[in-house]
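Within every chain, numbering begins at 1; the chains are lettered A, B, ... in the order of the sequence lines, protein sequences first and strands thereafter.
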Amino acid sequence: MSYKEYKGLSLPEIDKTILEFWEENKIFESSMESRKDAPTYVFYEGPPSANGKPGIHHVMARTVKDMFCRFHTMKGKLVERKGGWDTHGLPIELSVEKELGITKEDIGKSITVDEYNQKCRETVMMYKDMWDDITVKMGYWVDLDDPYITFKNEYIESVWNLLKRLYDNDYLYKGYTIQPYSPAAGTGLSSHELNQPGCYKDVKDTSAVAQFRVIKNEAAEFLFETAEEDVCFIAWTTTPWTLPSNTALALGKKIDYVKVKTYNAYTGEPVSVILAKDLIKKWFKEGADELDFDAYQKGDKKIPYRITGEYKGAKLVGLRYEQLLPYVQPDNGDAFKVLHGDFVSTSDGTGIVHIAPSFGADDMMVGKQNGMGSLTLVDKQGKFTDDVGEFSGRYVKDYKDDPNYKNVDIDISIKLKTENKAFNVQKYSHNYPHCWRTDKPVLYYPLDSWFVRTTKAKARMVELNKTINWKPAATGEKRFGNWLENLQDWNLSRSRFWGIPLPIWRTADGTEEKCIGSVADLRDEVEKSIQAGHMETQLTKDFDLHRPYIDDVILTSSKGEPMKRELDLIDVWFDSGSMPYAQWHFPFENEEKFNPDSYRGYPADFISEGVDQTRGWFFTLHAIAVMCFDSVAYKNVVSTGLLQAKDGRKMSKRLGNTVEPFKAIEDYGADAIRWYMMSNSAPWENLKFDLDGVDEVRRKFFGTLYNTYSFYALYANVDKFYNKEAQVPLEKRQEIDRWVISLLNTLKKEVNKDYSDYEPSRATRKIMTFVDEHLSNWYVRLCRRRFWKGEKNEDKIAAYQTLYECLVTIAKLIAPVAPFFADFLYKNLNDATGAEASNSVHLTDFPKVEESVINKDLEQRMDYAQRISSLVLSLRKREKIRVRQPLTKVLLPVLDDDFRSQVEGVKNLILSEVNVKDIEYITDTSGIIKKKIKPNFKTLGRKLGKNMKSAAQLIGGFDQDAIAEIEKTNGYTFEADGESIRLTLEDFIITSDDIEGWLVANDGPLTVALDVTLTDDLKAEGIARELVNRIQNIRKSRDFNVTDRIKVTLQANDALNPAVNQFGDYICNEVLATSLDLSANVSGAEEVELVDDLVVGILVER
RNA sequence: CCCGAUGUGGCGCAAUUGGUUGGCGCAUCCGUCUGAUACACGGAAGGCUGUUGGUUCGAGUCCAACUGUCGGGACCA
């Protein structure tokens, strides 16, 4: 079978061909089947939600996942890749509500919970086909046939089992917290919802500074100068409606406070107020401290004041004050006391903070810490309860769009003013969160919630995190590490409908509760309940564990009381954090995957998601693993960066700068996109995605590789080389063969290391350099003649074998990143030769390094050759001498014998590459080399330390004689601080960058001069080579076969005579001519310009 | 406001972990080869490494502050 040849490179075409091949031959399945008894490399797929369309950033994330799974498969591991779908959560509820045109309030009214959930179930998979499609098209190998789905009963049962484990180990508790709550929508809001654009709005509210009268007792004595003095703490609030619920004040221990004597602006009564010293200027007019107190009249614009005391906050802590609006007293703790709060600042307000524990998270916290009671005088509709006097029943904000709504904040302020309790009332503009659905202001409200006591496992979580290999490390140490250090308990409750129900049942009085850990347990409990008369029948076989059905399950307590389920659902993050276990329905099935003797399925060796999952999936996986199994959930984690538009901004539909993934793949091929993404920068950097960059990858990398293959295929077919011949031993091959094989093995080694270290950009860049610079632009270019010239002898076979090995190896090295092209290349080669048994590159093993063929001397030698050639070419260019014009010699200064012998080894390569006859080495003794000396800072730094500067200056001043002396004596003795320090040759870098009387070029330590003298012989040879070139061009333009013999006739011209006479045989040989004649009159000749001003006629006949 | 990442020719990225001549690709300009026809190859030009200060004999690299960008969190009185 011959090698396939193609008209041109089309990556999208290759995608299609290879996809078809994979499907027909079940390559993905085979790649796992063939490893089924091998050690595992465990990968977890973070489930996407199929209710949104896949974007180009998913291609990025999944390329990372795919490539490491493919790599480890090739390394001989069994890599199971179970796909999954995230099916619960708010986005799904929202899209359903949007589709049906309903809101949360309608659920249970205009639509039953049953119907609602049914709709969710359908919506969840809305774009599943599209996801499956992109998965296939981008070449992501993941098991789509048997994915885990978070809404399935099996999945839920596993989650319940985890919850039960937590419950049994005292990790679950019910408690109050202050959460954002929308009275208008009647629902709590997640911080996620609050962070949606537009939620924080600038609003003008009535703000009040209230006066809290200090109770004069022993502790407070020091504040009072006279018995009648009215001393008040003043505290500012932008939500006066919380004032009736005030139970404490908070200030900072270290903050300086003052007592200021003044008059109340509204009543004109004398009063002494306490506030932070830093904030005096905010509340008192400049110069008013000099006004006459007795002259003050009620209503004066400037109110006189005097500072009459100064105290540290610590001294005020513990003092008591009179309740501001005494409608109700708290019965659940102490009240009306001054506390210390860390959060108190003097950036605004008065430095004293009004605390209503029911309406602020900080308030709640500081209140709890100090045993304070709370008042919740606003109900869930957002109106005052019945015991708030004249305010009873009034809405604290306009939640009902009532045209007659009267602002309660204002009325409360007025009441305070008239009762001499308001120090200041004014409009205040600030940023306040609003419910994104109703557009109404949010309240912070105490809500019942179930919590996971993650704080209890904090130390262990921190400890185990240190064993995880994070890419990049900073994400694990800093971002995730800091987050763990500041861990709060995990609020598990969500008051929604579509999600996993909390499996906890309680008696009405809350004295007894049960946590259910499996369906079997549930059935047992139901059985008991039936006997107790709370239920009539056992659950059906396929009983849906979702709401509303589960809510109808009533259990029975030890005393025979009915127990009802806590209505909450759990946070969907718990769903996804449970996937290691729930995807296998553990512990009800697949226990062997979790067997500590083998651990074939747990924990994961590798996961990867976007960095935004740090506090999401990465955390929940970790938390659940640590709390339930005292284990990590993953050993290696790559957190990928953001995919931005090419202008560095976020991709968004609004800006119209999104890249459509299907179209991109259709246009450029999946591999170009994958390779671009992996090679452009490390996966955790943000990627500015630019299709021009993808196109560049296609041209430069895949184009070059394709051409290299095409070249190989063209000649190998002509020579019928199918790699059946015995391998020519390396020592019998040419040096350039040994070189490229050496480099290839170095490449294998490094790529293997980079892939193993999760460093795809390093690996891909090295491969690109090898393919472009070394394989194509050096090996193939220099060896081109070997492939088409002469018989199929040993040297030719060696060349084929060498190039074949390079190409096959490259196919394997790129297979994880560019799975389509890799298989295309591999199959084109291997299908023709049958050298390996595999019919796909993805079933082969990753190439093993042959250390014995790595020859660093050889690599360095060739590096010299490449660089010296480049220098000579640049000199030619500067002198405007074309490459086809041969020259006599290159001059090369030699500083040590090693260098000379290295160059000697590649001399012929250099000479033919740059078309020069000889290399002349010049040594010291010639006297024309100018040397330069430089300190070697790396070694000198240790020896000299502070004396570096003077040493560097001294060394810089060395002349040729001094340098010669150093070389002769192998060093130099340096005097400093009365000490003499012996420096060796190693401490200097001696180079030669000039040759007297010659034009030179240099590159680092290399220096090259070119003899540009042209003799008649050289000119004739130059012409001969130009002729060869022109005749070849004519052959090509006539579409002659590469093997056709020709007859050449030249229009006679004196300038051609020397060339034809001396180099006629050479010309004939090169162009496969049987004759080469000069004729005075050639008809049908092509007129061609040979060199400047020399036009000749050439006739080429078959 | 807090935390993290990041800032290197016009653009996208490197720099052996602190060593003195800061590389590569694209784009630009000028050329050139080829029995690989793929806009391939070569060359040139292009930089006060965000700013300021510090540590050090020596800083793109370490530290601090500031500043721009991105992300995460908090947003309260």
Euclidean distance for P, B/U55 against B/C13 (whole angstrom) = 34 Å
Distance test, side-chain N/O of A/N777 to OP1/OP2 of B/C41, below 4.0 Å = no
request  = For A/V780, report the nucleic acid contact type (base, sugar-phosphate, nothing); a contact means any heavy atom under 4.0 Å.
outcome  = base
message = Strictly below 4.0 Å, N to O, side chains only: are A/K471 and A/E759 in salt-bridge contact?
response = yes
remark   = Taken to the nearest whole Å, CG/A/D692 to C1'/B/G25 is 13 Å
query = To the nearest angstrom, how far is A/L705 atom CG from B/A40 atom P?
reply = 15 Å
Donor-acceptor contact present, side-chain A/R786 to main-chain A/Y800, <3.5 Å = no
message = When you measure only distances, ignoring hydrogens and angles, does the side chain of A/T475 come within 3.5 Å of the base of B/A5 through a donor and an acceptor?
response = no
request  = Could you work out which one of B/C76, B/A77, B/C26 sits closest to the side chain of A/D362?
outcome  = B/C76
request  = Could you tell me which nucleotide pairs with B/A59 by Watson-Crick or G-U wobble geometry, both distances under 3.5 Å, or answer none if nothing does?
outcome  = none
Contact under 4.0 Å: A/R876 side-chain N or O vs B/G42 OP1/OP2 = no
request  = Would you indicate what A/Y444 reaches in the nucleic acid, counting non-hydrogen atoms under 4.0 angstrom: base, sugar-phosphate, or nothing?
outcome  = sugar-phosphate
ask   = Nearest to the side chain of A/T239 - B/C33, B/A77, B/C13?
value = B/A77
ask   = Going by 5.5 Å between centroids and 30° between planes, is there a stack of A/F937 over B/U20?
value = yes
note = When rounded to whole Å, the CD to C1' distance for the pair A/E913 and B/G42 reads 11 Å
ask   = Base, sugar-phosphate alone, or nothing: which one does A/S761 contact when heavy atoms must sit under 4.0 Å apart?
value = nothing
request  = Report which part of the nucleic acid A/R784 touches: base, sugar-phosphate, or nothing (heavy-atom distance under 4.0 Å, all strands).
outcome  = base
ask   = Is B/U52 syn or is it anti, if syn means the base angle is within 90 degrees of 0?
value = anti
inquiry  = Could you identify the nucleotide paired to B/A45, looking across every strand shown and requiring Watson-Crick or G-U wobble geometry with both distances under 3.5 Å?
reply    = none
inquiry  = Rounding to an integer number of angstrom, what distance separates B/A59 and B/G19 when you compare their C1' atoms?
reply    = 10 Å
inquiry  = Can you check the distance between B/G47 and B/U21, where both ends of the measurement are the C1' atom (answer in whole Å)?
reply    = 13 Å
ask   = How is A/N1029 classified with respect to the nucleic acid when contacts are heavy atoms under 4.0 Å: base, sugar-phosphate, or nothing?
value = sugar-phosphate
query = Mapping A/N707 and A/K688 onto RNA chain B by nearest heavy atom, which one lands closer to the 5' end?
reply = A/K688
query = For A/E773 and B/C24, what is the distance between atoms CD and P respectively, to the nearest whole Å?
reply = 9 Å
inquiry  = Judged by each residue's nearest nucleotide on RNA chain B, which is more toward the 5′ side, A/R479 or A/K700?
reply    = A/K700
request  = For this output row, return yes or no: ring centroids of A/F618 and A/W483 closer than 6.0 angstrom.
outcome  = no
key: Under 4.0 angstrom between A/T238 side-chain N/O and B/A77 OP1 or OP2   = yes
Options B/G72, B/A36, B/G4, nucleotide nearest the side-chain atoms of A/R615 = B/G72
message = If I take atom OH in residue A/Y432 and atom P in nucleotide B/A74, what distance separates them, rounded to the nearest angstrom?
response = 15 Å
query = With distance as the sole test, does A/Y257 use its side chain to make a donor-acceptor pair with the main-chain N or O of A/I352 at under 3.5 Å?
reply = no
ask   = Base, sugar-phosphate, or nothing for A/P433, non-hydrogen atoms under 4.0 angstrom?
value = sugar-phosphate
query = Would you say the side-chain atoms of A/H774 and A/T769 include a donor-acceptor pair closer than 3.5 Å?
reply = no
key: Ring center gap for A/Y712 and A/Y3 short of 6.0 angstrom   = yes
query = Paired with B/G68: which nucleotide, if any, by Watson-Crick or G-U wobble criteria at under 3.5 Å for both distances?
reply = B/U6
